[in-house]
Enquirer: 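Mind looking over this structure? Questions follow.
This is a predicted model, so every value here is computed, not measured. What's counted below: heavy atoms across the whole structure, side chains too, no hydrogens, waters or symmetry copies.
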Amino acid sequence: MSHTPRSRTTQSPAPDGGRDHQARIARSLEQARDDYRRVEQAIRHLESRVHDQPSLADLARAAGLSESHFHRLFSRWAGTTPKRFLQFLTAAEARRALDRSASVMEAAWETGLSGPGRLHDLLVTLEGVSPGELKQQGGGVELRWGVHPSPFGDCFLARTDRGIAALQFLAGRRPAAAADELAERWPRAELIEDTAGTAAWAARAFAGAGNGDRRPLHLQVPGTNFQLQVWQALLQVPAGALTTYGDLARRIGRPGAVRAVGSAVARNPVAYLIPCHRVIRSTAAFGQYRWGTARKKALLAWEAGRAAANSLAAAPA
């Protein structure tokens with residue numbers, strides 16, 4: 001007998017913190033989303049003309065803005081100048097970043113910490129669905145979902161009463177397609193469209209947008225033991241650092257399972273928080289990304305800019 005997930009729509013009351021506070025967060029995320037659209041246009045232009053090394057004027061034209069307006073918008077969104085940001089998008093800089101990350105990653109994995117990056121500030125914890133729960137295929141679970149702006153475009157977020165179960169960038173897809181994919185992972189769960197009830201979770205997921213919430217953020221995802229191992233290893237990759245599929249395979253004690261690691265990375269149901277975007281090929285090529293190569297490059301360069309700024313701020317005077 002097949003089981004079709006039930007779906008309905010509801011609107012939860014705004015969570016504690018006040019409507020004005022939630023409205024400010026929403027406006028901040030909407031501004032970041034709108035800025036990202038322009039930035040992505042510039043990145044796509046760069047990708048098509050990488051050997052020509054486009055100038056600031058070229059990039060501004062691609063974004064449909066004046067040079068000064070583009071420079072201000074870009075710096076506001078990325079936290080660094082267009083020139084520094086675009087340097088990161090070259091293979092040579094990616095190679096250097098990968099080399100620099102090696103020693104950082106050694107220390108991070110040896111101590112079980114990922115340093116002062118955003119993920120550990122938020123205390124992101126990953127909770128796998130138990131074998132019994134997996135067998136039930138989500139029976140008795142309510143999955144509340146909504147679509148929200150983020151610094152990297154609109155995202156689809158779903159949560160259970162225990163944590164975030166899915167976070168995907170829509171990247172041009174309709175929300176119904178993301179909901180259908182969620183239903184495939186949780187075929188017996190009840191899917192409830194609840195934008196108001198998921199808004200605070202989206203704001204906490206993208207805390208860099210300025211809402212300042214540092215409460216623990218929990219993830220609850222269905223996956224095999226192997227997939228969970230890979231996702232746990234990804235959580236230990238610091239913001240601004242890079243790793244490779246081969247290194248991840250070695251870190252989980254499966255050096256010969258590089259292909260399987262790649263498949264597990266691709267099956268990650270929680271974008272950005274489980275940072276599969278921080279995995280590149282050993283050749284320093286950025287590789288494919290489920291939500292678009294331009295978005296992957298934007299995520300990596302955005303984090304690199306903030307990591308550099310944090311390092312400068314932390315340096316002794």
Enquirer: Rounded to the nearest 0.5 Å, how far apart are CD1 of Ile252 and CG of Leu234?
Expert: 9.5 Å
Enquirer: Please check if the side chain of Ser75 supplies one atom and the backbone of Arg72 the other of a donor-acceptor pair under 3.5 Å.
Expert: no
Enquirer: List the steps, then state whether side chain to side chain contact (heavy atoms under 4.5 Å, CB included) holds for Phe74 with Leu59.
Expert: CA-CA 11 Å; Phe74 202 104; Leu59 296 172; over 6 Å; no
Enquirer: Check Leu182 against Ala166 and note the closest heavy-atom contact, atom names and distance.
Expert: CD1-CB, 3.8 Å
Enquirer: Can the ring centres of Phe152 and Trp302 be said to be less than 6.0 Å apart?
Expert: yes
Enquirer: For the residue pair Tyr289 and Leu299, establish whether any side-chain heavy-atom pair is separated by less than 4.5 Å.
Expert: yes
Enquirer: Working to the nearest 0.5 Å, report the span between CH2 of Trp201 and NE2 of His148.
Expert: 11.5 Å
Enquirer: Using modelled atom types and a 3.5 Å cut-off, is there a donor and acceptor pairing between side-chain atoms of Arg159 and backbone atoms of Gly197?
Expert: yes
Enquirer: Using atom types as modelled and distance alone, determine if a side-chain donor or acceptor of Lys296 lies under 3.5 Å from a backbone N or O of Val279.
Expert: yes
Enquirer: Name all residues meeting the side chain to side chain contact (heavy atoms under 4.5 Å, CB included) criterion together with Ala266; count only those two or more places apart in sequence or in a different chain, and write none if there are none.
Expert: none
Enquirer: Would the number of heavy atoms belonging to other residues, nucleotides or ligands and lying under 6.0 Å from CZ of Arg76 be above 12?
Expert: yes
Enquirer: Looking at CG of Leu242 and CD of Glu303, how far apart are the two atoms once the value is rounded to the nearest 0.5 Å?
Expert: 9.0 Å
Enquirer: State the CD-CZ distance between Glu190 and Arg144, to the nearest 0.5 angstrom.
Expert: 8.0 Å
Enquirer: Can you name the closest pair of heavy atoms from Leu29 and Pro151 and give their distance?
Expert: CD2-CD, 4.0 Å
Enquirer: So, taking the atom named CH2 in Trp291 and the one named SG in Cys155, what distance separates them when rounded to the nearest 0.5 Å?
Expert: 10.5 Å
Enquirer: Of all the heavy-atom pairs spanning Val221 and Pro269, show the shortest one and how long it is.
Expert: CG1-CG, 3.7 Å
Enquirer: What residues, two or more places apart in sequence or in another chain, satisfy side chain to side chain contact (heavy atoms under 4.5 Å, CB included) together with Asp58?
Expert: His45, Arg49, Pro54, Ser55, Arg61
Enquirer: Are Phe169 and Tyr272 an aromatic pair by the rule of ring centers under 6.0 Å?
Expert: no
Enquirer: If every non-hydrogen atom of Leu273 is compared with every non-hydrogen atom of Ala205, which pair is closest and at what distance?
Expert: CD2-O, 3.7 Å
Enquirer: If you measure from CD1 on Ile164 to CG on Leu217, what distance do you get to the nearest 0.5 Å?
Expert: 4.5 Å
Enquirer: Take Leu300 and His277 through the test side chain to side chain contact (heavy atoms under 4.5 Å, CB included) and record every step on the way to the result.
Expert: CA-CA 7 Å; Leu300 289 172; His277 58 276; 3.9 Å; yes
Enquirer: Is there side-chain contact between Trp145 and Pro175, with at least one heavy-atom pair below 4.5 Å?
Expert: yes
Enquirer: So, Arg38 side chain and Leu73 main chain: donor-acceptor pair closer than 3.5 Å or not?
Expert: no
Enquirer: Counting C-beta onward and ignoring hydrogens, is there a side-chain heavy-atom pair between Thr160 and Leu143 closer than 4.5 Å?
Expert: yes
Enquirer: Which residues satisfy the side-chain hydrogen bond (donor to acceptor under 3.5 Å, both in side chains) test with Asp154, sequence neighbours excluded?
Expert: Arg33
Enquirer: For residues Arg295 and Ala171, report the shortest heavy-atom separation together with the two atoms involved.
Expert: NH1-CB, 3.6 Å
Enquirer: Is the count of non-hydrogen atoms from other residues, nucleotides or ligands lying under 6.0 Å from Arg37 atom CZ greater than 12?
Expert: yes
Enquirer: Provide the closest heavy-atom pair for Asn268 versus Ile274 in the form atom of the first, atom of the second, distance.
Expert: ND2-O, 2.8 Å
Enquirer: Does the side chain of Gln168 pick up a donor-acceptor pair with the side chain of Arg173 at under 3.5 Å?
Expert: yes
Enquirer: Are the side chain of Trp77 and the backbone N or O of Asp35 linked by a donor-acceptor pair below 3.5 Å?
Expert: no
Enquirer: What I'd like to find out is whether the side chain of Val261 reaches to under 4.5 Å of the side chain of Arg254, using heavy atoms alone.
Expert: no
